[in-house]
Amino acid sequence: MQRKIPLESTRNIGIMAHIDAGKTTTTERILYYSGRVHRLGEVDEGTATMDWMQQEQERGITITSASTAYFWKGRKINIIDTPGHVDFTVEVERSLRVLDGAVVIFCAVGQVEPQSETVWRQADRYEVPRIAFINKMDRMGCDFYGTIKQMHEKLQAPAYALQLPLGAEDTFKGIIDLISMKARVYADDLGLKYSEIDIPDDLKEEASFYREELIEKLAEFDDHLMEKFLNSEQPTADELINAVRKATIANKLVPVLCGSALKNKGMQFLMDAICAYLPSPKDVPPIMGLNPITQEEEKRVVCDDEKFCSLAFKIMSDPYVGKLTFFRVYSGVLTSGTYVYNANKKIKERIGKLVQMHANKQEVRQEVFAGDIVAAVGLKQTETGDTICDEKSPLILESIEFPEPVISMAIEPSTKADQDKLGLALKKLEEEDPSFKVKYNEDTNQTIISGMGELHLEILVDRLLREFKVQARVGKPHVAYKETIKESLTATGKFIQQTGGRGQYGHVVIKMEPGEQNSGIIFENKIRGGAISKEFIPAVKEGVYSAAQSGILGGYPVTDIKVTLVDGSYHEVDSSEIAFDSAACRAFIEGLRKNKCVILEPIMKLEVITPEEYLGEIVGDLNSKRARIESIDQKKNVRIIKANAPLAQMFGYATDIRSLTSGRATYTMEPHYYQEVPKHVQERLLRD
C-alpha cells in the first residue's frame, strides 16, 4: 500500500494551555471546519468530541490527552488535545515527546497563567516549535498586547504578532493580517463567511508598526529579507511566509495569532498557520537512539525506506478490545498482523490490529508509515516509553521522564469479591498513567495509591467504580514526605556469611553528603586500584538505591544525597553481587543512623486571583497555612497573590477559598520543590 499523503504534507501537533484557556473548544472548531465532525460540540454542555470520558464531560475539563487526525488544504494533521490542569501534566509531557510542533493557547483575559508557564517550559525542554493563539478576544477585560508583553517577560519567548485584533470584547469582529496587510471581517455567527477589506484608516499606522517589527526580527536570520529591509523595500507575502516558517522551525520565532474559538472567529487562519509555519516530520532532525548490541548511538531518518522504529507514548484500556498502545512511527512502515521487537524488554510481540484514533473511536488501518501517530491492539507487555522496532535493526530511543507523585492515600476493597478486581484494576490504571503509583505497605497491611494531586486521585477512584466496577473505600490523602541528611560522613557496610560451603563476602565504604535540591540519590564510583572488582559496582549501586526506598525517621523515601563509593574489599571466591548489594544497603542505613536526618515536605507554587475586597482574608488564611507570600500584584480590578505553601496545609483549599470569597476567587497550584519541615511539624509526624 502506498502512502496517500506525502510526508512533507503531514503535521504532528499538540494543543496546550492553562486550564480553561479554550484548548478543547479550539480543537472542536478545527475538527468542524475541516469536516471531521459535522456538529459543533461544546465543553460546557459535555458534548465536545475530544472530552469523551464521563469525568471530563461532568467537570468540563480535559483529563486525558486525546488524539485525532484531520485534513486541511491537502495536508494531514495529527492533533493531540492535552489537559491544562497541573494534576494531569504527565499527559502533556508524553505528548510533547512525540510531537513535531504545538499550538499554545493563551486566554486574552488571564494572559500568561501558571500552567501556561509549565507547558511552555516542557515544550522548551523538547525544543518543540510553537505558534501562540490568543483566545477569548470577545471577553470583557481581554488584552491582546498585554498578553504578548507577558509572553516576552514571563516566558522569554520571541513572540511576534502575525495578526492584530479588529475590535475587542463585544466589538471584536475579525482580524488584521500583517502578512497580506488586509482586514478580514466575519459576516456570520458560524465563522464560515468573512470578507476581506482594506485595513481601517485608524488602524493602518498600528498595523504598519507591528509589520515592520516582524520584518526586522525576521531579517536577523534571513539574508534576503535583511537586504530588502536595509534598502527599505517591502517583502512579498510569500517571502514573509517562508521566513516565518524557517524561523519558527528553528525556534527563533513564535508567531502570534488571535481570535475567539467560542465565537468561531479566527479558526481557519489558525488552521492555515499550522500548515504554513509548523514543521513536517521531514523538517525535524533525525531521531537518535542507542543500539543495544553495539551500545553506540545511531540515528533514524524519518522516511518509509528506513528500518521500522517507533516510540510507545501512551497506554489506554479499552472496554471492547483491551489494551491500546499509542505510538509515534519515526521511520519505516508497519503492517497489521506482523511481529515487532520491544528493544527495552527484549521480546517480540504481534500487532493484532492497527487503528487511527478519533478521540475514543477507532478507524482500522492495514499499514502505517513514518510520521504517523496511531494505536495498536495486541502489545501486551509494551509500556509507556518503550521502543518498538525491527528486530534485525534494534534501537532504544530516549524514554520519557515523569514527575514523582506528591500525594497518597490508602485504598481497600469494600467486599471480599472486590479484592481481586481491585488489584487488577489498579494494575491497569498504573500501566496507563506513569504518574500514578501503587504499593503495598507491609507494616500497616494497606494498599497505598499515589498521584499528582487531590483531583488526580479523585478521578482515578471514580474510574475504578465506573469503568472497572470495583467498589472501594479510600482513606484521607497523605503527603508524600521524604527524608534526607544534613551532614557529610563516611559509613561502612559488611556482609559476611559462612555456611560450611561457599560463603558470602561483601565490604564497602561509602561517603554520604547532602545533595542539591531535587537531585534524588546520586551514586559515584571512586574505587581505585581494584579494591572492589568492577563486576560488583552495579550491585553496590543497586543496594544504595534499594536502601533509599525507606528512611529511618518515618520510613519515607530518602532523597537529595550524593553517595560516593570510596573503598572496600572483596574475596576471590566468596564475593557475589548479592553480598555487595547487602553490604551497600547496610552501609547506607548505618550512614543514616549516624547522621542528622530530617523530613522534607512538598511545597506547592500557588497563585490566587481574587477581587480586591477579599485580599485581607485570603492573605490571613494563607499565613495560617504556613504559606510564604512571594508577591501581590494588581491587574485591573483583581489582585494576584503568588505564594509557596506546604501541600500538607492545602488539602481542601478549593472549599476554603470558595467560602472566603463567595466563590469569586480562583487559584492554581502545582508542585514546586521539597524543603525541610519545621521542627514542631517533624515532632508531630514522628509522634503520629
Side-chain angles (χ1 to χ4, degrees), residues 3-16 23 27 30-31 34 36 49-50 52 62 64-72 75-83 90-103 123 126 128-129 274-275 278-284 286-287 300 302-304 306 308-316 318 323-336 340 351 353-377 379 382 384-389 397-400 432:
R3 170 193 284 279
K4 291 178 183 174
I5 300 289
L7 192 56
E8 55 270 24
S9 296
T10 302
R11 302 287 182 272
N12 291 318
I13 66 152
I15 307 283
M16 312 185 306
K23 296 177 300 302
T27 309
I30 286 173
L31 296 178
S34 67
R36 193 70 173 81
T49 306
M50 303 301 268
W52 57 269
T62 302
T64 182
S65 55
S67 70
T68 187
Y70 70 91
F71 292 88
W72 183 250
R75 292 178 176 86
K76 180 188 178 184
I77 292 90
N78 294 308
I79 187 168
I80 298 180
D81 177 28
T82 65
V90 63
E91 295 288 342
V92 182
E93 190 77 28
R94 60 172 156 205
S95 299
L96 280 169
R97 174 65 180 81
V98 298
L99 293 171
D100 301 323
V103 177
Y126 291 108
V128 174
I274 288 168
C275 296
L278 289 179
S280 76
K282 284 187 91 167
D283 296 316
V284 295
I287 191 80
R300 288 279 189 278
V302 184
C303 71
D304 298 340
E306 273 267 20
F308 174 71
C309 184
S310 68
L311 184 76
F313 68 94
K314 181 179 169 74
I315 306 294
M316 190 174 99
D318 186 282
K323 181 176 166 182
L324 271 171
T325 306
F326 288 71
F327 62 97
R328 157 78 191 260
V329 183
Y330 283 102
S331 61
V333 178
L334 179 65
T335 307
S336 183
V340 289
I351 299 284
K353 184 169 72 167
L354 290 169
V355 292
Q356 180 78 59
M357 296 301 292
H358 176 51
N360 63 331
K361 296 181 177 65
Q362 303 165 13
E363 294 167 5
V364 177
R365 290 185 57 175
Q366 294 306 312
E367 210 166 18
V368 294
F369 303 91
D372 280 346
I373 292 178
V374 289
V377 178
L379 302 176
T382 298
T384 301
D386 284 356
T387 304
I388 42 180
C389 55
L397 303 178
E398 184 185 347
S399 194
I400 311 168
E432 278 187 31

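The first residue in the sequence is number 1, and the count goes up from there. Every heavy atom of this structure was used, including side-chain atoms; hydrogens, water molecules and symmetry mates were not.
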Sequence-distant partners of [X], side-chain contact (heavy atoms from CB on, under 4.5 Å), two or more places apart:
X: E398; result: R97
X: K76; result: I5, A69, F71, N78, Q356, R365, D372
X: A375; result: L324, F326, V355, M357
X: E306; result: R300, V301, C303, S331

Enter the distance from [X]:[atom1] to [Y]:[atom2] here, rounded to the nearest 0.5 Å.
X: L397; Y: F313; atom1: CG; atom2: CZ; answer: 13.5 Å
X: N12; Y: I373; atom1: CG; atom2: CD1; answer: 4.0 Å
X: K23; Y: I15; atom1: NZ; atom2: CD1; answer: 10.0 Å
X: K314; Y: E432; atom1: NZ; atom2: CD; answer: 7.0 Å
X: D283; Y: T10; atom1: CG; atom2: OG1; answer: 11.0 Å
X: I80; Y: L99; atom1: CD1; atom2: CG; answer: 4.5 Å

Backbone N/O of W72 and side chain of S34: donor-acceptor pair under 3.5 Å: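 Looks like no, no N/O pair under 3.5 Å.
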With sequence neighbours excluded, residues passing side chain to side chain donor-acceptor pair (under 3.5 Å) with S399: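 Checked S399 against side chain to side chain donor-acceptor pair (under 3.5 Å); zero matches.
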Pairing residues for T382 by the side chain to side chain donor-acceptor pair (under 3.5 Å) criterion, not counting sequence neighbours: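 Counting only residues at least two positions away or on another chain, T382 forms a side chain to side chain donor-acceptor pair (under 3.5 Å) with N342, E349.
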Side-chain contact test, heavy atoms from C-beta onward, threshold under 4.5 Å: evaluate it for [X] versus [Y] and give yes or no.
X: S336; Y: E367; value: no
X: V98; Y: Y330; value: yes
X: K323; Y: I315; value: yes
X: L379; Y: D386; value: no
X: I79; Y: T27; value: yes
X: I77; Y: C275; value: yes

Can you name the closest pair of heavy atoms from [X] and [Y] and give their distance?
X: C309; Y: C389; result: CA-CB, 4.0 Å
X: G371; Y: P281; result: CA-CG, 4.0 Å
X: L354; Y: T335; result: CD1-C, 3.9 Å
X: Y126; Y: L96; result: CD1-CB, 3.7 Å
X: L278; Y: R11; result: O-NE, 3.0 Å

Listed partners of R328 passing salt bridge (Lys or Arg N to Asp or Glu O under 4.0 Å), at least two apart: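 For R328 the salt bridge (Lys or Arg N to Asp or Glu O under 4.0 Å) partners, ignoring immediate neighbours, are D100.
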Qualifying residues under salt bridge (Lys or Arg N to Asp or Glu O under 4.0 Å), relative to K353, sequence neighbours excluded: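 Result, salt bridge (Lys or Arg N to Asp or Glu O under 4.0 Å) vs K353: none returned.
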